[in-house]
Q: 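I have a structure I would like to understand better, so I am pasting it below and will then ask my questions one at a time.
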Amino acid sequence: MLKLWNTATRSLEEFKPIKKGKVGMYACGPTVYNPLTIGNLRTYIFEDVLHRALELLGYNVRHVMNVTDVGHLVGDGDMGEDKVEMAAAKAGKSAWDIAKMYEEMFVKDFTRVNIRVPSGKDRPHATDYIREQIDLVQTLEKKGFTYRTSDGIYFDTSKFAEYGKLSGQKLEEKEAGARVEVNEEKYHPADFALWKFSPEGEKRQMEWESPWGVGFPGWHVECSAMSEKLLGQPFDIHCGGVDHISVHHENEIAQSEAAFGKPLANYWLHGEFLLVDGKRMGKSEGNAYTLDDLIAKGFDPLAFRYYCLGTHYRSKLNFTWEGLEGAQNALHKLRSEARSLSVGTGTEIPSAFVEALEDDLNTPKALAAVWDTLKSGSTREEKGAMLTRMDTVLGLGLAELVGQPLDIPGDVKALAEERLIARQEKNWKRSDELREAIKSKGWIVEDTKDGYELTPEA
RNA sequence: GGCGUGGUAGCCAAGUGGUAAGGCAGGGGUCUGCAAAACCCCUAUGCGCGGGUUCGAUUCCCGCUCACGCCUCCA
């Protein structure tokens with residue numbers, strides 16, 4: 001029985017899909033205006049593991065992730081500039097080119113850490129669903145949830161009685177906060193833009209006609225419009241990062257539920273942050289690392305994935321280089337274990353592994369089950385089969401290594417053979433020379449009980 | 001001010017009302033020309049602090065403290 005922690009109820013709940021055997025999940029995707037940080041990546045890895053775990057448990061999963069290529073504003077809430085247009089201006093490129101460039105970058109990063117990237121319709125772009133977003137705003141307008149200011153159409157949060165139910169914060173409590181509100185035309189600080197007008201006399205690169213005037217959709221409305229269009233409402237699981245709980249997801253709920261009069265999603269799952277030096281890592285904090293930074297330091301992207309798997313998704317992960325190194329060492333060990341196994345035909349999965357996943361996606365526990373399996377008394381074939389199955393969830397690239405001894409170049413192999421003979425003749429000088437020769441070709445030779453073992457230099 | 005999360009060995013990190021998974025690092029041993037690997041063994045009487053409940057708490061309750069996050073764009 002799969003149990004998941006539902007942010008909406010703040011409790012562990014048994015997962016029951018709307019349609020038997022099927023799961024519809026929606027994940028808030030990147031805003032394509034700068035490179036992904038490893039913090040962003042942690043959340044996407046969590047969603048990918050969720051997707052894979054659901055499949056292992058027998059569900060047919062539809063995983064939709066949007067690409068925000070318009071409408072995400074920087075700075076003071078609804079008053080700032082559009083992130084994509086701003087990045088474009090800075091780079092001297094068009095907004096469309098910027099969006100395309102950063103989308104290609106994140107797809108590359110996803111691929112490098114073995115995240116299966118949603119594609120086609122399952123990766124909708126906000127700019128391709130302008131019609132749906134306008135429709136949604138019109139529905140809200142008809143139902144009386146909107147009002148107009150000089151710069152756009154806004155959602156009136158005071159009209160939605162349940163506003164704040166996800167974060168457990170009432171409107172009045174938010175109001176008491178120390179935030180500075182710069183948009184004095186809004187009725188309430190929590191109100192948010194559904195449609196923004198293009199600035200007077202200014203031509204935006206991304207703008208569309210609408211019943212209210214030329215402009216562009218607000219950030220929150222895209223998710224509501226696209227999830228309804230692609231998954232229906234309600235759908236099963238909505239995920240994202242914890243920082244979205246109190247604003248973005250709250251706003252999505254308000255829009256969607258106000259417009260359609262039914263729940264948006266049944267389960268809300270949120271991935272915790274990755275911290276650096278015990279503090280939040282963020283694009284605006286200036287302490288953000290990218291996957292390329294890790295690679296530049298000689299790390300394998302999958303070592304980062306392993307690192308993430310070692311912490312429960314609802315716990316903060318304090319990123320350190322030492323921790324990443326430990327993860328990489330562990331991954332190397334797993335790889336060499338995998339190579340030493342044989343391809344088996346079994347479809348067994350250790351129950352401890354499955355139970356760990358069913359327990360709110362407890363990947364650290366699942367990883368422990370992997371190690372226990374490797375240390376167990378099962379045969380190489382059984383272990384090979386089990387590791388292969390478990391790797392469909394882990395995504396550590398172990399499955400393809402099972403039963404695949406390293407491909408050793410002939411010349412290296414010949415040197416190793418020659419060294420073996422030298423050793424038998426107790427010609428240690430020659431033996432050491434040959435070890436050096438092998439090393440110069442990028443391989444490490446190690447003696448074993450009945451011969452030697454060659455591994456590529458890290 | 002409001003809402004929320006967490007403090008477990010050198011590091012990372014699970015977990016439980018009955019005496020602490022796993023990984024990394026470290027130590028000892030076997031082995032070895034050397035080295036490494038491999039294998040075996042060891043490494044928290046202890047789970048932020050103080051109370052309480054209990055036969056018994058790291059696990060439940062209360063208080064405190066520290067750290068972090070959200071409430072303003074950010075996974």
Q: Determine yes or no for a side-chain-to-main-chain donor-acceptor pair under 3.5 angstrom, with A/Arg62 supplying the side chain and A/Gly24 the backbone.
A: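 Checked: no pair found.
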Q: From CE of A/Met281 over to P of B/C73, roughly how many Å is that when rounded to an integer?
A: 19 Å
Q: Within less than 4.0 Å of OP1 or OP2 of B/A75, is there a side-chain N or O belonging to A/Arg280?
A: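 No, A/Arg280 has no side-chain N/O under 4.0 Å of OP1/OP2 on B/A75.
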Q: In whole angstrom, give me the gap between the C1' atoms of B/G23 and B/A14.
A: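 That atom pair is separated by 11 Å.
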Q: Within the structure, does a side-chain N or O atom of A/Lys333 lie under 4.0 Å from either OP1 or OP2 of B/C24?
A: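 Indeed, a polar side-chain atom of A/Lys333 lies that close.
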Q: Counting only Watson-Crick pairs (N1-N3 plus N6-O4 or O6-N4) and G-U wobbles (N1-O2, O6-N3), all under 3.5 Å, who is the partner of B/G18?
A: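 Partner of B/G18: B/C55.
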Q: Using a strict 4.0 Å threshold on nitrogen-to-oxygen distance, state whether A/Asp97 and A/Lys100 make a salt bridge.
A: no
Q: Would you classify A/Gly310 as touching base, sugar-phosphate or nothing, given that sugar-phosphate means primed atoms plus P, OP1 and OP2, and contacts are heavy atoms under 4.0 Å?
A: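 The residue A/Gly310 makes sugar-phosphate contact but no base contact.
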Q: What is the base-pairing partner of B/A67, counting Watson-Crick and G-U wobble geometry with both distances under 3.5 Å?
A: B/U5
Q: Heavy atoms only, 4.0 Å cut-off, all strands: where does A/Tyr44 land among base, sugar-phosphate and nothing?
A: sugar-phosphate
Q: Nearest to the side chain of A/Asp243, which nucleotide is it out of B/C70, B/A14, B/A36?
A: B/C70
Q: Could you tell me whether A/Leu274 contacts a base, only the sugar-phosphate backbone, or nothing, with contacts defined as non-hydrogen atoms closer than 4.0 Å?
A: base
Q: With a 3.5 Å cut-off and just heavy-atom distances, do the side chain of A/Asp432 and the base of B/G33 make a donor-acceptor pair?
A: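 Between B/G33 and A/Asp432, which were checked side chain against base, a qualifying N/O pair under 3.5 Å is present.
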Q: Identify whether any heavy atom of A/Arg314 sits under 4.0 Å from a base atom; if not, whether one sits that close to sugar-phosphate; answer base, sugar-phosphate or nothing.
A: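 No contact at all - A/Arg314 keeps every heavy atom at 4.0 Å or more from the nucleic acid.
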Q: Under 4.0 Å, heavy atoms only, any strand: does A/Gly240 hit a base, just the sugar-phosphate, or nothing?
A: sugar-phosphate
Q: Measuring only the C1' atom in each nucleotide, how far is B/C49 from B/A38? A whole number of Å is fine.
A: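 About 45 Å, rounded to a whole number of Å.
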Q: Between B/C12 and B/G2, how far is it from one C1' atom to the other, in whole Å?
A: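 Rounded to whole Å, the distance is 33 Å.
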Q: Both A/Asn318 and A/Gly326 contact RNA chain B. Which one's nearest nucleotide lies toward the 5' end?
A: A/Asn318
Q: What's A/Lys429 touching, base or sugar-phosphate or nothing? Going by heavy atoms closer than 4.0 Å.
A: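 Nothing, no nucleic acid heavy atom in range.
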Q: How would you label the contact of A/Asp447 with the nucleic acid (heavy atoms, under 4.0 Å): base, sugar-phosphate, or nothing?
A: base
Q: Please report, rounded to the nearest Å, how far the P atom of B/A36 is from the CZ atom of A/Arg419.
A: 13 Å
Q: Looking only at the side chain of A/Ser246 (C-beta and beyond, no hydrogens), which of the listed nucleotides B/C71, B/C24, B/A75 gets closest?
A: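 My answer, after comparing the listed nucleotides, is B/C71.
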Q: Can you tell me how far P of B/C71 sits from NE2 of A/His248, to the nearest Å?
A: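 Those two atoms, NE2 and P, are 13 Å apart.
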Q: From B/C3, B/C11, B/G33, pick the nucleotide closest to the side chain of A/Glu322?
A: B/C11
Q: When the C1' atoms of B/G18 and B/G22 are compared, how many Å lie between them, rounded to an integer?
A: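 My reading of the C1' atoms in B/G22 and B/G18 gives 23 Å.
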Q: Would you check, one step at a time, whether the test side chain to side chain donor-acceptor pair (under 3.5 Å) holds for A/Asn40 with A/Thr37?
A: CA-CA 5 Å; A/Asn40 300 322; A/Thr37 67; 3.2 Å; yes
Q: Take atom CG of A/Leu454 and atom P of B/A38, then tell me their distance rounded to the nearest Å.
A: 15 Å
Q: Where the side chain of A/Ala330 is concerned, which of B/C24, B/C70, B/A13 is the nearest nucleotide?
A: B/C24
Q: Tell me whether the guanidinium CZ or amine NZ of A/Arg204 lies under 6.0 angstrom from the six-membered ring centre of A/Phe216 and within 45° of its axis.
A: yes
Q: Considering just the side-chain nitrogens and oxygens of A/Lys375, establish if one lies under 4.0 Å of OP1 or OP2 belonging to B/G23.
A: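 Checking A/Lys375 against B/G23: at least one side-chain N or O falls below 4.0 Å of OP1 or OP2.
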Q: Roughly, in whole Å, what's the span from CD in A/Glu272 to C1' in B/A67?
A: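 Spelled out: CD on A/Glu272 to C1' on B/A67 is 13 Å.
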Q: Would you mind classifying the nucleic acid contact of A/Trp371 as base, sugar-phosphate or nothing, using non-hydrogen atoms under 4.0 angstrom?
A: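 Answer is sugar-phosphate: A/Trp371 comes under 4.0 Å of backbone atoms only.
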Q: Distance-only, no hydrogens or angles: does the A/Asn6 side chain make a donor-acceptor pair with backbone N or O of A/Ser11 under 3.5 Å?
A: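 No, the answer is negative, given that no donor and acceptor are paired below the 3.5 Å cut-off.
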Q: Would the A/Phe299 and A/Phe304 ring centres measure less than 6.0 Å apart?
A: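 No: the rings miss the under 6.0 Å criterion.
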Q: For a quick check of understanding: with a heavy-atom distance under 4.0 Å over all strands, which category does A/Thr455 fall into, base, sugar-phosphate or nothing?
A: nothing
Q: Starting at OH of A/Tyr33 and ending at P of B/C73, how long is that distance when rounded to a whole Å?
A: 12 Å
Q: Nearest to the A/Ser315 side chain among B/C34, B/A14, B/G69, which nucleotide is it?
A: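 The answer is B/A14, which lies nearest to the side chain.
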Q: Counting only Watson-Crick pairs (N1-N3 plus N6-O4 or O6-N4) and G-U wobbles (N1-O2, O6-N3), all under 3.5 Å, who is the partner of B/A38?
A: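 WC or wobble partner is B/U30.
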Q: Could you identify the nucleotide paired to B/C73, looking across every strand shown and requiring Watson-Crick or G-U wobble geometry with both distances under 3.5 Å?
A: none
Q: Please pick, from B/C68, B/A13, B/A36, the nucleotide with the shortest atom-to-atom distance to any side-chain atom of A/Lys316.
A: B/C68
Q: So what does A/His244 hit on the nucleic acid, given a heavy-atom distance under 4.0 Å: a base, only sugar-phosphate, or nothing?
A: sugar-phosphate
Q: Of all the nucleotides listed (B/G15, B/A13, B/A21), which has the minimum atom distance to the side chain of A/Asp359?
A: B/G15
Q: Hey, which of these two, A/Arg10 or A/Pro30, hits RNA chain B nearer its 5' end, going by closest nucleotide?
A: A/Arg10
Q: What contact category does A/Lys426 fall into here, base, sugar-phosphate, or nothing, at under 4.0 angstrom with non-hydrogen atoms?
A: nothing
Q: Let me know the distance between CZ of A/Arg305 and P of B/G23, rounded to the nearest Å.
A: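 In whole Å, B/G23 P and A/Arg305 CZ are 21 Å from each other.
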Q: When the C1' atoms of B/G27 and B/C64 are compared, how many Å lie between them, rounded to an integer?
A: 39 Å
Q: In sequence, state the C-alpha distance, the side-chain angles, and the governing distance for A/Asp69 and A/Tyr102, and then conclude on side chain to side chain donor-acceptor pair (under 3.5 Å).
A: CA-CA 10 Å; A/Asp69 50 4; A/Tyr102 286 112; over 6 Å; no
Q: Counting Watson-Crick and G-U wobble pairs only, both distances under 3.5 Å, name the nucleotide matched with B/G46, or none.
A: none
Q: Do A/Gln169 and A/Ser246 have a side chain donor and acceptor closer than 3.5 Å?
A: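 Checked: A/Gln169/A/Ser246 side chains show no N/O donor-acceptor pair below 3.5 Å.
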Q: Is the phosphate of B/G22, meaning OP1 or OP2, less than 4.0 Å from a side-chain N or O of A/Thr363?
A: no
Q: Between B/G69, B/G22, B/A75, spot the one nearest the side chain of A/Lys279, thanks.
A: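 Taking heavy atoms from C-beta onward, the closest nucleotide is B/G69.
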Q: Is there a side chain to side chain donor-acceptor pair (under 3.5 Å) between A/Ser224 and A/Glu252? Walk through the geometry before answering.
A: CA-CA 6 Å; A/Ser224 286; A/Glu252 273 185 59; 4.8 Å; no
Q: Between atom NE2 in A/His312 and atom P in B/A21, what is the gap in whole Å?
A: 20 Å
Q: Roughly how far apart, to the nearest Å, are B/C31 and B/C39 at atom C1'?
A: 9 Å
Q: Output yes when at least one side-chain N/O atom of A/Asn329 is less than 4.0 Å from OP1 or OP2 of B/G23, else no.
A: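 Looking at the OP1 and OP2 atoms of B/G23, neither is under 4.0 Å from any side-chain N or O of A/Asn329.
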